[in-house]
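A quick write-up on the structure given underneath.
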Amino acid sequence: METSQADRDSAPNAPGGVSPAAGDGGSAPGPSPVKGVLGFFAAVMLLYVVLGTGAQSLSAPLGLAWTQVFVFLLPAWAAAAGSNLRPTDFLLLSRRPSSAQLWLGLLCGVAAFPVANGLMALAAAFLPESWVREFDLSRLFQGPPLERAGIALAASLLAPLCEEAAFRGYLQGALLTRRRPAAAIWLGALLFALMHLDPVRFPAVLALGALFGWLAWRAGSLWPAVAAHAANNAIGSAIALASEIEPVPSPPEVGQAMLLAGAGALALAVLAAFYRRATQALPPSERLAARIDPADPSLRFRWYKVPPSLLGLGALGLALLFGMAVFHGALNR
């Protein structure tokens with residue numbers, strides 16, 4: 001996503017750039033606060049690989065819902081609170097978008113669906129067939145009807161909010177304290193794509209992550225990105241529920257994939273132009289204005305800053321995971 005000159009002017013001059021300090025006009029500028037991202041991303045990846053995949057192996061719909069809440073949403077909320085930042089503000093949840101921004105975000109998600117599918121088809125055409133079979137998500141929708149419906153609901157309603165809070169909320173917000181908006185958006189999208197651990201969907205998820213990041217940044221609100229993410233997932237889920245999907249997909253035609261992606265990109269470009277006119281990008285520093293303790297200037301994460309209620313929710317998540325494992329074991333005796 002490209003940024004205008006006005007957008008670039010609103011960004012820090014360099015990672016760890018400077019901003020005027022409060023006080024009289026003669027004060028020297030002080031450094032802008034910065035947030036690290038690798039620790040948060042490593043923690044989320046560890047939770048996802050160790051606990052999230054385990055939860056989904058016990059029950060696809062319940063495990064997916066558990067992963068969204070306890071691997072993405074709760075860690076993002078706790079990371080913000082533990083950094084002395086108000087989670088609803090830093091995760092861009094408190095700022096209400098206009099109805100135009102919300103609807104345009106949703107339509108961008110619809111237009112992005114053929115783009116993502118075209119990119120995925122292109123990737124599948126050049127990757128080994130064994131990889132395409134291994135990472136075929138259609139297998140998730142071959143279980144009982146109730147299980148398929150649960151997966152579709154979790155993917156369409158829960159995943160957009162939780163994943164956006166973690167990646168476009170916390171992670172992109174932290175990147176914006178170090179990088180210019182374009183770099184922060186694309187780096188966040190790259191980490192989002194890497195998190196999925198799926199080489200077939202990697203180009204598609206990268207493009208979607210960049211789109212969602214741009215939507216959130218332009219509006220200063222997470223909700224247009226959530227709407228776009230929900231629309232994209234809902235279309236995919238509806239197609240999967242309504243179709244008899246073969247376990248091994250036919251090799252895609254590269255020309256058809258390029259035509260599909262190009263048509264979607266054209267529609268997306270038109271919608272993005274309208275969205276740009278309906279939004280005003282916020283300076284990155286505005287996200288850091290609301291501190292839990294205004295007297296504490298540090299944004300370093302500290303465990304004792306995390307509210308006990310959030311730690312209690314984490315313990316509840318582990319208890320639920322243990323209960324799922326016990327129930328699964330009892331069913332398979």
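For reference, positions follow the sequence shown, starting with 1.
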(message) Distance check, rounded to the nearest 0.5 Å: Leu211 atom CG versus Leu206 atom CG?
(response) 11.5 Å
(message) Quick one, Leu62 with Leu58, criterion side chain to side chain contact (heavy atoms under 4.5 Å, CB included). Give me CA distance, side-chain angles, the key distance, then yes/no.
(response) CA-CA 8 Å; Leu62 294 178; Leu58 298 172; over 6 Å; no
(message) Nearest 0.5 angstrom please: Leu91 CG to Leu85 CG, how far?
(response) 9.0 Å
(request) Find the distance between CG (Leu215) and CD (Glu164) and round it off to the nearest 0.5 Å. (result) 9.0 Å
(message) Looking only at the aromatic ring of each residue, does the gap between the centers of Trp77 and Tyr170 stay below 6.0 angstrom?
(response) no
(request) Using a strict 4.0 Å threshold on nitrogen-to-oxygen distance, state whether Arg302 and Asp296 make a salt bridge. (result) yes
(request) Given side chain to side chain contact (heavy atoms under 4.5 Å, CB included), test Arg168 with Leu92 step by step and report yes or no. (result) CA-CA 9 Å; Arg168 258 59 65 182; Leu92 297 182; over 6 Å; no
(message) So does Thr53 get a backbone contact from the side chain of Tyr48, meaning a donor-acceptor N/O pair under 3.5 Å?
(response) no
(request) Quick one: sort the Trp66 and Phe70 rings into parallel, tilted or perpendicular, breaks at 30° and 60°. (result) tilted
(request) Could you tell me whether the side chain of Asn84 and the main chain of Leu299 form a donor-acceptor pair under 3.5 Å? (result) no
(message) Whether the side chain of Gln101 engages the backbone of Ala278 through a donor-acceptor N/O pair (distance < 3.5 Å, no angle test) should be reported.
(response) yes
(message) Any donor-acceptor pair under 3.5 Å linking the side-chain atoms of Gln56 with those of Thr67?
(response) yes
(request) For Ser57 and Gly54, indicate whether the former's side chain and the latter's backbone hold a donor-acceptor pair under 3.5 Å. (result) yes
(message) How long is the straight-line distance from CG of Leu222 back to CZ of Phe90, given to the nearest 0.5 Å?
(response) 12.0 Å
(message) Asn117 vs Met120, test: side chain to side chain contact (heavy atoms under 4.5 Å, CB included). Steps then yes/no.
(response) CA-CA 5 Å; Asn117 275 265; Met120 188 168 64; 3.9 Å; yes
(request) Of all the heavy-atom pairs spanning Pro75 and Val69, show the shortest one and how long it is. (result) CD-O, 4.2 Å
(message) Quick one: does any side-chain atom of Arg218 pair with a main-chain N or O of Thr279 as donor and acceptor, under 3.5 Å?
(response) yes
(request) Determine which pairs satisfy salt bridge (charged side-chain N to carboxylate O under 4.0 Å, His left out) with at least one residue from residues 80-103, sequence neighbours left out, and list them in order. (result) Arg95-Glu286
(request) Describe, in one word, how the ring planes of Phe212 and Phe192 are oriented to each other, choosing from parallel (under 30°), tilted (30 to 60°) and perpendicular (over 60°). (result) perpendicular
(request) Test side-chain hydrogen bond (donor to acceptor under 3.5 Å, both in side chains) on Ser83 and Lys35 and set out the steps. (result) CA-CA 9 Å; Ser83 301; Lys35 282 294 299 170; 2.7 Å; yes
(message) Treating Ser156 as the side-chain partner and Leu153 as the backbone partner, does any N or O pair qualify as donor plus acceptor under 3.5 Å?
(response) no
